[in-house]
Each structure stands twice: as C-alpha cells, then as structure tokens.
Amino acid sequence: MSKDNPAKAPRWALWLPLALFAGFVALVVVGLVKPKNTDIASQMVGKPLPAFTLRAAADERPGLATADFQTGKPQLLNIFASWCIPCRAEAPVLEELRRQGVTINAIAIRDHKADLAAFLGQYGNPYARIGADDVSAVQLAIGSSGVPETFVIDGKGVIRYQHIGDIRPEQIPDILRLLKEAQ
Amino acid sequence: MIRALLAALALMMAAPVWADDSMPPAPWAYRQLPDPAQEAKAKALMETLRCLVCQSQSIADSDASIAGDMRSQVRERIAAGEDPEAIRAWLIQRYGDYVSYEPRVSAATWPLFAAPLLLVALAAFLLRKRFTSGTETEA
C-alpha cells in the first residue's frame, strides 16, 4: 500500500495554469476594449411619478407638482440646471420640441434664481413650468442621477421613458414617437 | 520638443473642471446627527451606498453634491426612525442594485456566493487522496 504513487495528475492538467492565464488575459482585453457605459438607468420607468410639489424656480414660470402631469396629455419632464454645460447644447433642441407642440416641464437642480434667470435669458426658455429641487430630493425619488435627463410622462402621470444626457437634434423624431406612444 | 513636454506636464497637473452648482450643501450633508446611535446607523448605511456620479466611491466618501444630498436624506430618514435597510431598498427600487455595495443574491449575482463553496468542495475532492494516503503511510 505504501508503495502506491501519490495520485498523479493527467498530462493535460499540465496546460491548465496556462489556459487559466490565457482566459484571464482575454477577460482583461475584453474589459479594456468594450466601451464603458456609465449610465445608470432609472428603475422607475413604468411606475407613476412619486408625489412632489416644488416651488417656482423662476419668476416667469409656475412651480411643478405631480398633479401637473395628470392632464391626459403626455409631457416631457426635463431635469436640468444652469450650471450644467450639456444643458446649454440641449436648449435649442428643447425649443424645437416646444415649437412642435410638446409640453416640457422642468426641474432645476440646486439652482440659484439669478443664475437660472441668466441661463433662460441666454439659452431660451422652452418650459411651461419649472420646479426648484434644492436638495435633489425629487431627482432621487425618480431615479435620475445627473443633468440633463428627460423623462417621457404619459397623461396619467406614469413614467414611460428615460433619456440620459442631452437630447441631440437627430433624436427629436424618437422623442416625438415616444410621446405619441405614451398617448 | 521641450515646449510640448512642458505643455504635457501642465496638462497632467491641471485640475479637472467639473460643472457643479454653487448652492450650499443640504442640511445634513456634512453634519452629524445629535444622537450617536442614530449617526452610527446612518454612517454604516452611507458607507455601503454608492455615489451615483463618482462611481467608485461610497456616498460617505464623496464630495459630489448629489452624494451630499443623499447623505442628508439618509440622516433625515434615520432621525425620523426609518430602518436603514428600508432606505437601501428605497434606493435600489430607483437605481437598481448599482446603488448598493452590499450585493444581494439574484440571477446575476448567485455565482459570487456559490463559487467559494464550489471551490472548497472541489479542493476537498482533489485532496481526498492526500488526506487518506498520509494516514495510511504512517500506519
């Protein structure tokens, strides 16, 4: 019994460490090559807007509350801020959507009234209502993680779609289609 | 050449410009709760919640304003008597598992929990001869 060889590994097992190493290298290469996606999708799509009431962020527009979305007509909810650089690029696109008959409500995140007035004066004001969210409370409640983001809300106040980042001119037809689908 | 190097060096040392707001932080972003037990609970939770814009930091470690707003909300809710796990669940409901540093067992994460058990079982299986033959040679 004592003369038995200790269990001998089969020949192919010799290549196992190398194969493992190759697998590891492949994993690293895939991770490096694949473009990084840092978008965090809201899990609130398909759910009703949470209840909120926000005071007016600008003098020339009323504030915003959940009830303002329960009008029977789909609307956009734009999350923006005067300190947000891509929001400047998005302003003319929102203006075009408004021109095509879309109602756009907005929530201004952590914004001073004076800064916001200057932003709206310089880049235009396509908004029907602008609510002020000074502590990102509504932003957190709808699962939004940055500015700008735009939500398609149907006529019953249910979130139907989330667009992360600024809306590009070529994406206008998509947004119009999504609004139509939300009818 | 030297100019290019200097320019590269200057670029390396330049601080990134973040678009950020100038509002004062939320009330409880940088202030501890007066009750130490509640603050301990809040701290433990904040250390396991992920910052949404900095991606590799917890909200306890981040100075991003949205992280400050999350801390303030965590402290307010804990002061109001809410259970930390209920707050975590509320956030997961909005941002998915991404927001929590405490992984749950799910369709995507079960290998995390199963792999160590399987590896220990595999090691025990591979080493079973060693254990038995060792005692036999001594006998």
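Below, chain A is the first sequence line, B the second, and so on; all start at residue 1.
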Report which part of [X] has an atom under 4.5 Å of a heavy atom belonging to chain B: side chain, backbone, both, or neither.
X: A/Asp115; value: side chain
X: A/Ile40; value: side chain
X: A/Ala141; value: both

Does a side-chain heavy-atom distance below 4.5 Å link [X] with [Y]?
X: B/Ser22; Y: A/Trp83; answer: no
X: A/Met44; Y: B/Arg94; answer: yes
X: A/Gln139; Y: B/Ile66; answer: yes
X: B/Met23; Y: A/His112; answer: yes

Count I, L, V, M, F, W, Y as connected when their side-chain heavy atoms are under 4.5 Å apart, and connections chain through other members. Are [X] and [Y] then in the same cluster?
X: A/Leu64; Y: A/Ile142; result: yes
X: B/Trp90; Y: B/Leu49; result: yes
X: A/Ile172; Y: A/Phe151; result: no
X: A/Tyr127; Y: A/Ile107; result: no
X: A/Ile175; Y: A/Ile164; result: no

Which portion of B/Ser72 sits near chain A, non-hydrogen atoms under 4.5 angstrom |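 Looking at B/Ser72, nothing touches chain A.
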Heavy-atom contact with chain A under 4.5 Å, split by part of B/Gln73 =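 Contact with chain A is through the side chain of B/Gln73 alone.
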If you round to the nearest 0.5 Å, how far is OG of A/Ser82 from CG of B/Asp21?
->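 Reported to 0.5 Å precision, the distance equals 9.0 Å.
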Roughly how far, to the nearest 0.5 Å, is OG1 of A/Thr38 from OH of B/Tyr98?
->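 Nearest 0.5 Å value for the OH-OG1 distance: 7.5 Å.
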Least distance between heavy atoms, B/Asp69 atom then A/Arg110 atom =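 So the minimum-distance heavy-atom pair works out to OD1-NH1, 2.6 Å.
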If you take all heavy atoms of A/Val135 and B/Ala26, which pair is closest and at what distance?
->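 For A/Val135 versus B/Ala26, the nearest heavy atoms are CG1-CB, 3.7 Å.
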Are any side-chain N or O atoms of B/Tyr95 and backbone N or O atoms of A/Ser144, one a donor and one an acceptor, separated by less than 3.5 Å?
->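 Side chain of B/Tyr95 to backbone of A/Ser144: a pair is present.
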A/Lys47, NZ atom: more than 12 neighbouring heavy atoms under 6.0 Å =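 Yes, because the 6.0 Å sphere around NZ of A/Lys47 holds more than 12 heavy atoms from other groups.
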Does a sphere of radius 6.0 Å around CZ in A/Arg177 hold more than 12 heavy atoms from other residues, nucleotides or ligands, not counting ones at 6.0 Å or beyond?
->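 It does: A/Arg177 CZ has more than 12 such atoms within range.
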